[in-house]
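Reading through the structure tokens given below for one structure.
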Protein chains: 4
Amino acid sequence: MSAADLQARLDAIVDRMRAAEDWGAVADYIPELARVPLRQFAIAVAPAEGGVAAAGDADVPFSIQSVSKIFALAIALGRAGDQLWNRVGREPSGSAFNSIVQLEHEQGRPRNPFINAGAIVTTDEILKGRAPRDALAEILGFVRAAAEDDDIYINDRVAQSENHHGHRNYALAHFLRAFDNLANAPELVLGTYFHQCAIEMTTRQLALAGRFLVGAPGLPRLVSTARIRRLNALMLTCGQYDGSGEFAFRVGLPAKSGVGGGILAIVPGRASVAVFSPGLDGYGNSLLGTVAMEQLARQMDWSVF
Amino acid sequence: MSAADLQARLDAIVDRMRAAEDWGAVADYIPELARVPLRQFAIAVAPAEGGVAAAGDADVPFSIQSVSKIFALAIALGRAGDQLWNRVGREPSGSAFNSIVQLEHEQGRPRNPFINAGAIVTTDEILKGRAPRDALAEILGFVRAAAEDDDIYINDRVAQSENHHGHRNYALAHFLRAFDNLANAPELVLGTYFHQCAIEMTTRQLALAGRFLVGAPGLPRLVSTARIRRLNALMLTCGQYDGSGEFAFRVGLPAKSGVGGGILAIVPGRASVAVFSPGLDGYGNSLLGTVAMEQLARQMDWSVF
Amino acid sequence: MSAADLQARLDAIVDRMRAAEDWGAVADYIPELARVPLRQFAIAVAPAEGGVAAAGDADVPFSIQSVSKIFALAIALGRAGDQLWNRVGREPSGSAFNSIVQLEHEQGRPRNPFINAGAIVTTDEILKGRAPRDALAEILGFVRAAAEDDDIYINDRVAQSENHHGHRNYALAHFLRAFDNLANAPELVLGTYFHQCAIEMTTRQLALAGRFLVGAPGLPRLVSTARIRRLNALMLTCGQYDGSGEFAFRVGLPAKSGVGGGILAIVPGRASVAVFSPGLDGYGNSLLGTVAMEQLARQMDWSVF
Amino acid sequence: MSAADLQARLDAIVDRMRAAEDWGAVADYIPELARVPLRQFAIAVAPAEGGVAAAGDADVPFSIQSVSKIFALAIALGRAGDQLWNRVGREPSGSAFNSIVQLEHEQGRPRNPFINAGAIVTTDEILKGRAPRDALAEILGFVRAAAEDDDIYINDRVAQSENHHGHRNYALAHFLRAFDNLANAPELVLGTYFHQCAIEMTTRQLALAGRFLVGAPGLPRLVSTARIRRLNALMLTCGQYDGSGEFAFRVGLPAKSGVGGGILAIVPGRASVAVFSPGLDGYGNSLLGTVAMEQLARQMDWSVF
């Protein structure tokens, strides 16, 4: 498909989304996210052959939140290797992203690295033996290298606000610690974790940053091919919390969502796709973002199945 | 890859598996399965371009058990369309295949069509408005058409034995009925369900029967391309019960397992693969079958990711 | 207190209850209970010193339902002794009376004999080695002996109706059987159980039938003093399902409720008290019956604490 | 019974307990409790008519831990009245004392004031509008007044150690806060809570301190008669965690246990009884303490039933 054709499709999707009646609801658990204007939509595609096509509010920075978990997981696996899986599982949880129930039933080993408990363990692994600022520098460095763009920053106010309202995450961290599955103090790990989640990127940047998971020649190569497949497998089975099965069914692509309204999806060997719309559905995933992903995937005949 | 090369690989896998120390444990909840000899292994591949390669005990018939759920689901979707999803979900359950806990928490709507409760609902849908024998005739007919082989039968003794020992499935069926999510009497639905699970096929036949999910020209075409993708998506996220995430991570292919020791995996556009080894792992999936799938997928560079 | 004073108090309670605005809601899961007129109320007291005082609709027979579990438990303990506790626990469940969740978590051993699963085990114990009719004859005989009144019968239509709509109880029975905690076929046990629950008594008869738990001289003596205390302990901790703690807090007496609207309470050494009002609260216990028990207990200074 | 007869019975119980083979296991989650010598046993009775009889290691101070929850509850009810029940329930939990599962299912409202989550809410209520030191002064003052003995202190080292190892309690506190059911910062509430649990008393002192719950003339009168009954009701249904039903069944008295090995039991109108033996059973209650309570209650014919 020509770049012009792709651009036309993205523009058409933006037009359809902007005409939507139901935009979902912006995350309201912290003031910084609650005040994000609801009626925003952006989509961007970074094809394997290079370049990036974008439409809508594609240059508006937003809080990537849980999308950061995929970058953190890639780093933690690079540091700890398969040892990481002693501390966290690889199964869909069947529960909400912030549930603590399973953690009690399963003795402090989170189901997967994308629910909050598992992501806290992942960040704890990255923190091992060094200061939060060094860990954050590595995470930010990885994201910038992936996007080939140094103009990506952490929003400190968002991180502070998360910390102030993050009692449920503190509960998870202390629970992990009680089961000896947290090497660092909860305050330290969560301080790092909240900053990692507070990375801000534009939709265009996010599409570019996802290219390391596409597994095609000429793209930034940050992890091995075998690991790319495994990261994609985890995104497909666990990337949208307890809406993951539904997303796989409707869209058919590995993807990771964040409560900031971003979703990063991978078309193996073909493209990295990012969408942004801050209104969420009942699972905490971007409502219009999911709809747009479904439409684009169908039009492009993109599916791993 | 030439047919001879493929055959050589399958032979090599059979040799490696036969040298395994741990064969897992045969399902022992009914006498008919408990007496199946443990040390059996077979693998078969039906490539998109036609033919079938097989090795090991590939002509030994075995009880396909839960692998039948994928055929039943295809039929039920053909009859009810998306209405079926009002009665059963599309999410991984995060629980054991025979768990009733989630069913109580979620008011009688099973998480997906591959856990037992969801499969019972699927069979109930196929039964609507007709006798068990007619429903079973359609299921068996579908399987035979898929395999292009009429020499496939139901083992009535296995079905009787399941019925005799199936108290946990009876509990599920009555529970579904209590929530008005079962149209037929539990005895009727389970009678049908146990017979459907008691279909016997060889590994070679099963690989052939899976071709309708490959989505390539020249193969038996029993469902639409869009539905093939959705069936594969469900297999990938839910096909191995609470070992589905692990299987996606290690193998990277949509697949459905059965306690009889069979696994059917699909390489979209490329091939249908079947393995059989009756020893199970802790999740109730074939132990060596999973190992063999992982080895074959790696060697062939088969992965959806 | 003189008999006249007691009668005056009961009359006053009836007057207050009849003026109530909220009568709760009649159980509607079977037609036979759903058609019971809501605005009925009765109270009766059988003091240790003999006689019985009653007021309101005290001579209207009603379905005692789960109140029957206390008689069945007394009989099962008489037959099996402490062996019974190998099959069923003695702890409050913290869950609804018909929940199956705990049963899965705890491998088929019900928490106590008053939730449905535990009562089904109790009836199964009574059934051991004999026909349902013989077991029912013993249960009915026990109740008649306790009340010293042979004019007590089982309403067969209610039993049939329970059986017809009892899918949730069938689920529990099959689940128990799957864990080898049911000696008889589910159909047999539930047939007996539903008949036991369908015993009909008047409020006056129920108060008289409860005297064997008062533990005072001159009253029908059907179980030992030590067992009386234990039965009362179980009623206090588990007798009102997940409203037991609340009832102990507000009323302070051991008691057993039924969805037919009856409650039997014991004042150790002093009296047996029965109330009847078919409208239930959110826990499935008689709404006005509980209020009346609280008022009477406070006025009489009756509390075990 | 004469004082000499009572003393003889207590001495005989001490002799029997000291001959026990199984002493249970000392709580080992903090070093300060882990180093308590296992083979200690004490029993003391404070009859309604005055005085106190004691035997065994009755003058050894021990950490009362969760027994403190009954004093704290009495204080919190005195301050907040029935408003407290908006924040915490009155039902047995059916779960372990430190479980967080129910808290998630029930939206941050603990089942009762004796499981840890509920006790944290209780302490939070006492803390409202004042400094921890003032709250602790009131708690300690209440205990001293109840025992009529000022020689009762808080072991600061135990409190520090609890704080250091209290990740599970921190998880509970943050979880409560996430549901807006904690008015003060988790650090503040837990700091107070751990100090309250670190009160040390001898068995003799504890028996004396329990007299305010006996409800007889001439004893320290710290709460109303109506409230005494309700506190006793809560102790009976919830006082021994998920071993409460068993304790009610075997002993038949309201009681509260602590992981330090102490149990306080009340014989309404008759006596306050304390036992101490640091070895615990599977529920976290004193093993020999429970056995001794059962023997004493049977010999004295003490039971509320």
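Quick caveat: nothing in here was measured; it's all calculated off a predicted structure. Below, chains carry the letters A, B, ... as their sequence lines are ordered, and counting in each starts from 1.
The parts of C:Leu236 that come within reach of chain D are both its backbone and its side chain, each placing non-hydrogen atoms under 4.5 angstrom from that chain.
A 6.0 Å sphere centred on CD of D:Gln83 holds no more than 12 heavy atoms belonging to other residues, nucleotides or ligands.
Proximity of C:Asp301 to D:Arg229: side-chain heavy atoms (C-beta onward) are separated by under 4.5 Å at one or more points.
The two atoms that bring D:Pro92 and C:Pro92 nearest to each other are CB-CB, 3.5 Å, heavy atoms only. Minimum interatomic distance between C:Pro268 and D:Val304 (heavy atoms only, all atoms of both residues): CG-O, 3.7 Å. Listed here is the closest heavy atom pair of C:Pro254 and D:Phe305: CG-CD2, 4.1 Å.
When atom types are taken as modelled, the side chain of C:Glu246 and the backbone of D:Arg90 share no donor-acceptor pair closer than 3.5 angstrom.
Note: C:Glu91 CD to D:Phe249 CZ = 11.0 Å, rounded to the nearest 0.5 Å. Rounded to the nearest 0.5 Å, atoms OG (D:Ser93) and CG (C:Asp242) are 12.5 Å apart.
Top candidate by heavy-atom pairs under 4.5 Å with chain D, chosen from C:Asn232, C:Leu231, C:Val267, C:Thr225, is C:Asn232. Note: D:Gly245 leads D:Gly89, D:Cys238, D:Gly245 in heavy-atom pairs under 4.5 Å with chain C.
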